[in-house]
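Okay, structure first, notes after.
Whatever order the structure lists ligands and atoms in, that order sets their numbers, starting from 1.
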Amino acid sequence: MSNPFVNAMAQLDKAAKIVNLDKNIHEVLKQPERVLTVSIPVKMDNGETKIFTGYRSQYNNALGPYKGGIRYHWNVSLDEVKALSFWMMVKCAVVNIPMGGGKGGIIVNPKELSVGELERLSREYIRKIWRVIGSDKDVPAPDVYTTPQIMAWMRDEFEKLLGRPDPGVITGKPLAQGGSEGRETATAMGGVCVVRELAKKKGLKPSETTVAVQGVGNVGGFMAKLLRQDGYKIVALSDSKGGVYNQDGIDPDKAETIKKNGGMLGCYCLGSVCSLEQMPTDGPCRHVSNEDLLELPVDILVPSALENQITKENVDKIKAKYIVEMANGPTTPEADEILHARGIPVVPDVLANAGGVTVSCFEWEQNLKGEHWSEADVFVKLEKIMVNAFNEVWDTAEKYNVTLRQGAFVKAIERVAGKMTK
Ligand code: NAD
């Protein structure tokens with residue numbers, strides 16, 4: 001697997017070249033401003049002390065306090081955390097929110113920890129990094145395998161050390177603890193705004209536009225439902241166990257009910273829970289594998305699951321006319337170039353899925369002001385930001401005759417560099 005930080009720096013170099021970035025600013029942007037590596041001793045339930053390794057990378061705060069999630073995963077590495085903090089800087093700058101880029105992580109398999117061990121790990125991590133975070137310094141949030149409950153423990157530990165309340169130190173908190181309305185659906189809602197703008201640019205009519213969504217989790221599940229409400233024809237859905245294709249359209253709510261009842265998505269064609277053998281494998285409604293879903297003849301493909309899904313191995317078989325990246329990093333750099341050469345526009349992750357961090361920023365803002373906004377208010381503000389960001393990225397890509405991804409990076413780097421020179 002390629003090194004994510006090397007990939008991130010290649011993207012920086014490309015954008016720097018396009019905008020003829022000042023040499024000194026370019027140098028500064030090649031490293032995070034600060035990286036903490038901490039050892040986290042945790043008293044396990046069996047009485048033994050186990051040491052975990054954690055990181056916090058603070059990439060750049062020209063636009064505002066560092067912002068980015070904390071990931072609990074056995075594959076966390078320093079280079080991954082650094083790359084993710086760079087991409088957070090880009091994402092926040094693309095949507096023009098007053099936040100910089102940060103990211104944290106702990107090398108751990110949280111599924112192997114008891115609730116008590118998880119709480120002790122989370123509190124000890126905060127004890128190791130608390131001096132460099134705070135609502136005016138660095139504002140963490142949930143990421144892979146970290147939850148609102150973990151955010152609540154972290155905030156509590158931070159405030160004990162600080163000696164006063166600072167609810168804006170962390171976002172993604174439970175609603176009762178200062179979380180924002182609309183956070184659950186924010187990423188998908190932002191993605192829908194982006195699809196609407198793309199449709200306007202390309203003259204797509206929702207009722208004549210077919211969509212395949214890979215990964216019906218938090219992001220993909222809501223995205224499918226919201227796009228269907230907009231009139232788009234959802235023809236394929238998948239999760240880790242496989243997917244379903246129906247040329248006549250899929251009702252995501254019905255698909256969800258089948259999943260909730262223990263069925264696989266392919267059972268959708270039969271209307272009830274079934275075995276793998278019972279699922280139709282041909283005809284207008286059929287079971288498809290995860291690989292098949294990516295290669296279906298649809299108008300819009302929405303990868304919403306994992307990174308590295310569209311690669312140089314399968315890119316030639318992609319038949320979608322547009323790709324909207326709701327997952328982080330679903331397209332490898334090689335595949336990205338081939339899609340560009342094939343004339344398939346890709347709305348990049350740093351724009352398409354930025355609705356989540358935007359509403360996280362709203363949560364921070366509400367905490368600072370002591371306010372609580374309604375879900376309707378949150379979505380009005382979110383839409384304005386996403387529509388504006390999409391059009392800025394589109395115009396930048398046209399101005400420099402580059403891809404939307406490069407347009408997004410260029411816009412972001414221009415914005416960050418503009419603040420750094422002042
Ligand atoms: P999630 O865990 O809720 O959902 C992931 C879904 O992908 C699950 O339904 C899972 O079954 C499915 N999946 C796993 N492997 C698959 C495969 N090989 N093929 C098809 N489906 C597969 O996660 P999420 O919060 O929805 O996040 C999804 C992606 O969006 C991730 O890349 C995440 O980094 C990104 N993202 C999420 C947010 C957010 O607010 N949740 C914000 C920005 C970006």
Side-chain angles (χ1 to χ4, degrees), residues 4 67-73 75-76 80-81 83-84 87-88 90-92 94-95 97 101 103 105 110-111 141-148 151 171-172 179-180 182-194 212-226 236-245 252 255-256 258-260 263-266 287-296 301-311 314 323-332 347-363 378 382 386:
K67 177 101 199 79
I70 296 168
R71 176 171 295 197
Y72 284 4
H73 198 277
N75 281 339
V76 162
E80 183 191 60
V81 172
L84 291 166
W87 288 319
M88 283 306 296
V90 171
K91 200 180 284 192
C92 293
V94 165
V95 283
I97 53 176
K103 202 81 182 189
K111 293 177 195 169
D143 193 70
V144 176
Y145 292 140
T146 46
T147 59
M151 297 305 110
T171 60
S180 179
R183 176 61 189 89
E184 204 188 14
T185 44
T187 306
M189 191 60 103
V192 170
C193 296
V194 158
V213 179
Q214 183 202 35
V216 283
N218 177 275
V219 174
F222 281 121
M223 186 84 181
K225 287 182 197 176
L226 293 169
L237 296 176
S238 69
D239 63 16
S240 56
K241 298 188 194 131
V244 57
Y245 172 71
E256 186 176 74
I258 292 199
K259 261 176 71 105
K260 274 191 184 146
M264 287 167 66
L265 282 167
H287 162 72
V288 289
S289 69
N290 289 322
E291 296 73 38
D292 296 340
L293 178 127
L294 295 171
E295 297 163 15
L296 289 168
L301 174 63
V302 186
S304 313
L306 307 170
E307 63 277 9
N308 298 331
Q309 294 300 294
I310 304 174
T311 65
N314 65 2
I323 295 175
V324 177
E325 293 184 337
M326 295 306 292
N328 279 317
T331 313
T332 64
V347 183
D349 47 8
V350 288
L351 168 64
N353 70 30
V357 72
T358 303
V359 173
S360 285
C361 175
F362 293 167
E363 177 177 335
V378 166
L382 173 64
M386 295 304 298

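Listed by chain and number, residues touching ligand 1 at under 4.0 Å (heavy atoms only) are Arg183, Thr187, Gln214, Gly215, Val216, Gly217, Asn218, Val219, Ser238, Asp239, Ser240, Asn290, Ser304, Ala305, Leu306, Met326, Ala327, Asn328, Asn353.
Side-chain atoms of Leu84 and Arg71, non-hydrogen and from C-beta on, do get closer than 4.5 Å to each other.
Between the Ser289 side chain and the Asp292 main chain, a donor and an acceptor come within less than 3.5 Å of each other. Side-chain N or O atoms of Gln309 include one that pairs as donor or acceptor with a backbone N or O of Glu307 at under 3.5 Å.
Val216 approaches Leu265 most closely through the heavy-atom pair CG2-CD1, 4.1 Å.
The line from CE of Met223 to CE of Met326 is 4.5 Å long, rounded to the nearest 0.5 Å.
Looking at residues two or more places apart in sequence or on another chain, you find a ring-ring contact (aromatic ring centres under 6.0 Å, His included) between Phe362 and Trp373.
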